[in-house]
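Okay, structure first, notes after.
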Amino acid sequence: MAEEADASNSEYGRPRRPSPATVTYLSGLPLDENLAAQQAREYIEYFSVVGNKDGEAERQGEPPEYPQMLSAAHAALSSIFRELASLACEEIPSQQIETLVRIACRYSLVAKRIILASMSTYWTFLSTHRFGSHVAQTVLRCVVAECEMNLDEFDDGEEQCEGKMVIEDSYGSILQNEDGNHNDSLSKILVKTMEELKPFASDLAVHVCGSHVLRTAIMIMAGAELVDAFPRPTFDSYNNPMSGEWDTGVLGATRRGKLKDKKKKKKKRGGPTDEDRGGSTPQVATVVKEMKVVQELQSADFKKDTDTLLNEIVGILSLSEGMDDGKVNPPGELQQLTCHPSAGPLLVQILRLLSFRDFHSKPTPKKKGGGKEVVPDRRLGILPQEPRYSQGSQAESFVHRLLCWDPSVDTDSTEGNSEGVETSTKQPYAGDIIFGLSGEPRGSILLEAIFHCCPDSFHDALCTAGGFYDDAALREYIKHGVSNFVVQTLLVSVRNREQVSRMVKCFCGIIEDGSVLKRNPRPVNDKDDGAKEYKPKSNNQRMGIVWRTFEMCGTKGSSQDQEQILSALMRGFASTTTAPEDDSADGKASEDKKRKKRSKAKGLSVEECIPSLLGFSPGSYEGESDFSRLTLDAAGARTLFHVLHFKERLRKDWVNGIVNVYGCDDLVKIANDGLGSRCIMDGLLDGPARSFVSKLLVSKLSDRITFLAAERVGHHTVEKLFRALPTMEDKAALSAELSHSLNRLGSNAMGRSVMVSCAVKEYLEGERVWKEALAKQKEKDGWLEEILGEKEGSDDEEGDEPKTKKRKKDKKEKKKKRKSRGSE
């Protein structure tokens, strides 16, 4: 791969070989980015104190020196300025350069210009180099980022800024030289860089290294970037949490190409297949957000130049230059790029960025009622909503070219033929392209992005053209190991109740026959004779489809849709049950067959469905230690969470079923598991049935409440259980139970948190003090009810208005009645 890449970039301007002495010098530099940040912060904090009495007290002692690591970085960059592009093509020096760039660009605007100018005329070659491409990405992202503090002009109380003196000593000879573009403004150098990459955009798009550099350049031109939807906390080398932009997120990961410790090769085990990917694999989700850039790059002139460049590059990549005749061309090179391993993700990024730009360029539309507000949650697999482009935008024309979509054809219209029979008007090419993209790993991700970003009218037309409303075609999509994820995205992105009802009709039959619930056998080990032994898999075949269908019904569906899909699930589990294969017990087998036929008509009971849904049989962990790992079916647990938020008459049996099916030890295991706690316990205690189920759980878990209160995950259940109890007497009983184990609760942070939330110490001081503590907590948490707009046990039935609107109307009616009485 590397030899092919080097051969392909031989036509670009290549820098000369670096000097061996420079390579040795750069490789031996003891650079430490964390130490540089620590020194800079100490220096900034000392001189940033306001000159008052407290400030003077804090400034006692000798002032710190200018950050030595930062000075060393400036000196190193000035010494390798002429060879920076050459050194970027070497393995060890390229990593050192990335560290130097991150240190210098974090605290100096002048360094940004110097670094960017040193790589001019070599950008295309570096973008296609295995090491140079990492340096190119790091440089582009760091030079546009806001400085944590610009020490070039930092006020340190001296006549001349020490930071400015360091810059003059390091880069003085370079800045005095009029050759080159290092004296130009940062925005001008950056525009020249983009213009240097533009003619080779089509080549970089299909290059394994160049496509990544092109992605970074396009994000800068669009003024937005892709970040983790659910970022995890990061820590420095001293295990301290980091919160700065340069320490976390995109900037925290800009250093690429790190050396990894060599590990022994391990034999590949049977990993999860395409059929296993319903909810078992960790989901990597990103969202688009506005990029924070230096003040100079926020000017109108720079935005105008980058907008022009972005439009030209998008035109090159979408092959739309010189094709403004309005005709729809048949599938060709562009459709092949959608499935390319490098160009495919690039096209997905362009679509999301264009949608983001179009969405934020217009006034934010008012939210329409009729559906619940979706809150992103990593444990539940609920992703943030993507910004949607509007009709007539650049993103729409981009999508039309990708799908060969003919906007003049009305997909929903029908016309009569010579025999008087109605025939639907079809897109000439879009249907086949959608079907082909859905089964390709890269193309399916692009199709998912289109479902997320398209407007409401186009979403329905896309479903019609792709055959997602057709039973046979839908089953074929679901059966495929890749296209079933497109169906899941379709379910998540439905737009209205009419579309939900249409999808529910399609999925009821698929779930009811058990085809997405059956467990497929998988080989586990080889026997002596070479044959493989098979046993059922731990994950269901297509439980991801079931999970997303219930999520759709729970967030956007009506009570009729919820009732239909629940009945289909219960009948589906009935169809998957099999009678025991025992020839000697013919009578028993016949009875089981009769029971199976009866159960198919109305489905299994809720108590039988819950263990099948979770993959967790009651008592299966009996005898295991309290800290043994619980294994739940992720998609099934998330499905059950949404069932617990259905209408009251539909969820009541499921709420009682969970408490009745599982014993105390099983419920403790669920409460101590991250997935089980979030999906099941939170579904019960945060859901609309919390006041009813909290009493049942308290009586069921009474013997293990203290144990859960001191556990890392389980203490959340205890806190929510206390808040969900409806009466003060119930809460007092729980506080009394916890007060008997003060030593255990006070031994760790989790137990102390429970003591505060449940006012355990205040309970021992007396009833009045305890009630005052709870009243203060209620005042702090009162704003949550206003945001949610629901009280405990509330449940909006079909056709009812949202509670907040209903309350406002009630208040207005009461005021009118008072005025009428006063006038009388």
Side-chain angles (χ1 to χ4, degrees), residues 26-49 58-59 61-78 80 93-116 134-135 137-157 161-167 169-171 186 225 227-228 231-259 291-295:
L26 186 59
S27 302
L29 290 178
L31 301 175
D32 189 338
E33 188 180 340
N34 292 330
L35 180 60
Q38 182 181 354
Q39 293 175 353
R41 284 169 184 163
E42 291 176 358
Y43 180 80
I44 294 169
E45 288 174 2
Y46 182 86
F47 291 106
S48 297
V49 178
E58 291 183 15
R59 282 191 180 184
E62 296 183 1
E65 298 181 358
Y66 190 83
Q68 295 182 357
M69 190 62 65
L70 181 58
S71 300
H74 288 315
L77 285 171
S78 64
I80 65 172
S94 65
Q95 298 178 55
Q96 292 286 80
I97 289 175
E98 290 187 67
T99 305
L100 288 173
V101 169
R102 285 182 52 80
I103 294 174
C105 292
R106 190 169 181 171
Y107 302 103
S108 174
L109 285 175
V110 176
K112 294 176 184 286
R113 291 178 15 228
I114 298 295
I115 294 169
L116 199 61
H134 298 306
V135 177
Q137 292 175 74
T138 302
V139 169
L140 285 175
R141 186 59 188 88
C142 289
V143 296
V144 301
E146 284 183 322
C147 293
E148 187 172 303
M149 175 64 70
N150 183 20
L151 295 183
D152 301 347
E153 301 174 355
F154 182 69
D155 183 13
D156 54 5
C161 175
E162 189 173 359
K164 190 174 183 179
M165 295 172 60
V166 171
I167 291 296
D169 292 342
S170 301
Y171 307 115
L186 179 62
E225 60 186 342
V227 299
D228 290 340
R232 296 180 180 273
T234 55
F235 302 89
D236 59 14
S237 55
Y238 303 99
N239 203 29
N240 297 319
M242 298 186 295
S243 58
E245 188 177 11
W246 281 87
D247 299 316
T248 61
V250 177
L251 283 173
T254 48
R255 183 166 183 259
R256 299 165 177 84
K258 294 182 181 179
L259 289 175
M291 183 183 293
K292 295 181 180 180
V293 297
V294 296
Q295 186 68 30

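Side chains included, hydrogens not; waters and symmetry mates left out as well; all remaining heavy atoms used. Sequential numbering from 1 along the given sequence is applied to the chain's residues. It should be emphasised that the depicted structure is a prediction, and the values quoted were computed from it without experimental measurement.
Salt bridge absent: K292 and E146 never bring a charged side-chain N and a carboxylate O closer than 4.0 Å. Salt-bridge check for R102 with D247: failed, with every basic side-chain N at 4.0 Å or more from each acidic carboxylate O.
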**Study point:** Stepwise side chain to side chain contact (heavy atoms under 4.5 Å, CB included) test for R41 and M149
**Key:** CA-CA 9 Å; R41 284 169 184 163; M149 175 64 70; over 6 Å; no
Check your understanding: Please walk me through it: do D169 and K164 pass salt bridge (Lys or Arg N to Asp or Glu O under 4.0 Å)?
Key -> CA-CA 9 Å; D169 292 342; K164 190 174 183 179; over 6 Å; no
Exercise for review: Determine, stepwise, if the pair E162 / Y43 fulfils side chain to side chain contact (heavy atoms under 4.5 Å, CB included).
Suggested key: CA-CA 11 Å; E162 189 173 359; Y43 180 80; 3.7 Å; yes
Exercise for review: Begin with the C-alpha distance, continue with both residues' side-chain angles, and end with the deciding distance and a verdict on side chain to side chain contact (heavy atoms under 4.5 Å, CB included) for L151 and I44.
Suggested key: CA-CA 9 Å; L151 295 183; I44 294 169; 3.9 Å; yes
Practice item. Check step by step if side chain to side chain contact (heavy atoms under 4.5 Å, CB included) holds for E33 and R106. Key: CA-CA 10 Å; E33 188 180 340; R106 190 169 181 171; 4.1 Å; yes
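At distances below 3.5 Å, not a single donor-acceptor pair connects side-chain atoms of D152 with backbone N or O atoms of S108. Judged purely by atom type and a 3.5 angstrom limit, E225 has no side-chain atom pairing as donor or acceptor with the backbone of M291. For K112 (side chain) and A145 (main-chain N/O), a donor-acceptor pair under 3.5 Å exists by modelled atom type. The closest donor-acceptor contact from the side chain of S170 to the backbone of I167 lies at 3.5 Å or more, if one exists at all. The backbone N or O of Y66 sits nowhere less than 3.5 Å from a side-chain atom of Q39 that would complete a donor-acceptor pair.
Side chains of H134 and Q95 form no contact here, defined as non-hydrogen atoms less than 4.5 Å apart. Residues P67 and Y107 have side chains not in contact (no heavy-atom distance under 4.5 Å, counting atoms from C-beta outward). When side chains are defined from C-beta on, V110 counts as touching I114, because their heavy atoms get closer than 4.5 Å.
Residue V143 comes nearest to L186 through the heavy atom pair O-CD2, 3.6 Å, listed as atom of the first residue, atom of the second, then distance. The two residues A75 and S78 make their nearest non-hydrogen contact at O-OG, 2.7 Å.
Taking CD from E148 and SG from C105, the interatomic distance works out to 13.0 Å, rounded to the nearest 0.5 Å. Separating the SG atom in C147 from the CZ atom in F154 is a distance of 13.0 Å, to the nearest 0.5 Å. Residue I115 holds its CD1 atom at 8.5 Å from CD1 of I80, rounded to the nearest 0.5 Å. In this structure, CD in Q68 is found 8.5 Å from CG in L35, a value given to the nearest 0.5 Å. Rounded to the nearest 0.5 Å, atoms OG (S71) and CD1 (I103) are 11.0 Å apart.
With sequence neighbours left out, the side-chain contact (heavy atoms from CB on, under 4.5 Å) criterion links A76 to Y25, L29, L100.
Note on ring orientation: taking the six-membered ring where Trp is involved, the planes of Y171 and H74 are perpendicular (angle over 60°, cut-offs 30° and 60°).
If you check the side chains of T138 and E98, you find a donor sitting under 3.5 Å from an acceptor.
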